[in-house]
Amino acid sequence: MGSALFYHLTRSAAEQLLPVLIGKSRAAGWRVELRGTDAGRMARLDEALWQGEGFLPHGLAGGPHDALQPVLLTVAGGASAGAACLIALDGAALEAAECGPAERVCIVFDGNDPAALEQARSQWRALTGAGVAAEYWSEEDGRWARKR
């Protein structure tokens, strides 16, 4: 069973962290699903990933070649089968059962938003309560640090 890594954004935007997480996942040879809650936000992320530094091949879900995309941007409810890494953004729903086949699950949330913080806490309780190993990462002094 894969582990769940919670990324508590306090200093930077998700747009800065996502290319790093996706790049590391791709370097490990993993297919990635980036799951959000809003189609407009996912379209903006699609543009940002194409225009950012480096090349992260990806696509928006709903195309004829979804199964071939190394990184597929989806909206909650449009799950991508076969992704070894699932990145949930903006409180996107995920079930503990999805952690079983995944190598890694990443939950990225805005620590400056009380609703997002509570949603992440709820996801933590649900996943750890179901036996999923979880880690908590926070930005500290501009660097990511694992908290215990």
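When a residue number appears, it is its place in the shown sequence, counting from 1.
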request  = Search all heavy atoms of Ala134 against all heavy atoms of Trp124 and return the closest pair with its distance.
outcome  = CB-CZ3, 3.5 Å
key: Under 3.5 Å side-chain donor-acceptor pair for Glu139 and Ser12   = yes
task = Taking all non-hydrogen atoms of both residues into account, name the closest pair between Leu127 and Glu95 and its distance.
result = CD2-C, 4.2 Å
note = Here the pair of heavy atoms bringing Pro57 nearest to Pro70 is O-CG, 3.4 Å
ask   = Which distance, rounded to the nearest 0.5 Å, do you find between the SG of Cys106 and the CZ of Arg35?
value = 12.5 Å
request  = Nearest 0.5 Å please: distance from the CG atom of Leu45 over to the CG atom of Leu49.
outcome  = 6.0 Å
Met42 side chain reached by Asp46 side chain, heavy atoms, under 4.5 Å = no
query = Partners of His8 by ring pair (Phe, Tyr, Trp, His ring centres under 6.0 Å), sequence neighbours excluded?
reply = Phe109, Tyr136
request  = Answer yes or no: does atom CD of Glu15 have more than 12 heavy-atom neighbours from other residues, nucleotides or ligands under 6.0 Å?
outcome  = yes
remark   = Heavy atoms of Val108 and Ala14 approach each other most closely as CG1-CB, 4.2 Å
task = Calculate, to the nearest 0.5 Å, the distance between atoms OG1 and CG belonging to Thr37 and Leu89 respectively.
result = 7.5 Å
query = If you take all heavy atoms of Gln69 and Arg31, which pair is closest and at what distance?
reply = O-NE, 2.8 Å
query = For the rings on Trp137 and Phe6, is their centre-to-centre separation under 6.0 Å?
reply = no
key: Qualifying residue for side-chain contact (heavy atoms from CB on, under 4.5 Å) with Ile87, from Leu17, Leu34, Leu73, Val105   = Leu34
message = With rounding to the nearest 0.5 angstrom, report the CG to CD distance, Leu5 to Glu135.
response = 4.5 Å
query = Heavy-atom distance under 4.5 Å between the side chains of Asp90 and Arg41, does that happen here?
reply = yes
ask   = Out of curiosity, Leu21 CG to Gln16 CD, how far, rounded to the nearest 0.5 Å?
value = 12.0 Å
query = Is any side-chain heavy atom of Glu118 closer than 4.5 Å to a side-chain heavy atom of Arg121?
reply = yes
query = So do the side chains of His58 and Leu72 get within less than 4.5 Å of each other, counting heavy atoms only?
reply = no
key: Asp110 side chain reached by Thr10 side chain, heavy atoms, under 4.5 Å   = no
ask   = For the hydrophobic clusters of this structure (ILVMFWY residues joined by side-chain heavy atoms under 4.5 Å, transitively), does one cluster hold both Val75 and Leu60?
value = yes
key: Closest approach of Asn112 to Pro114 (non-hydrogen atoms, all atoms of both residues)   = O-CD, 3.6 Å
message = Please report the interatomic distance NZ(Lys24) to SG(Cys85), rounded to the nearest 0.5 Å.
response = 11.5 Å
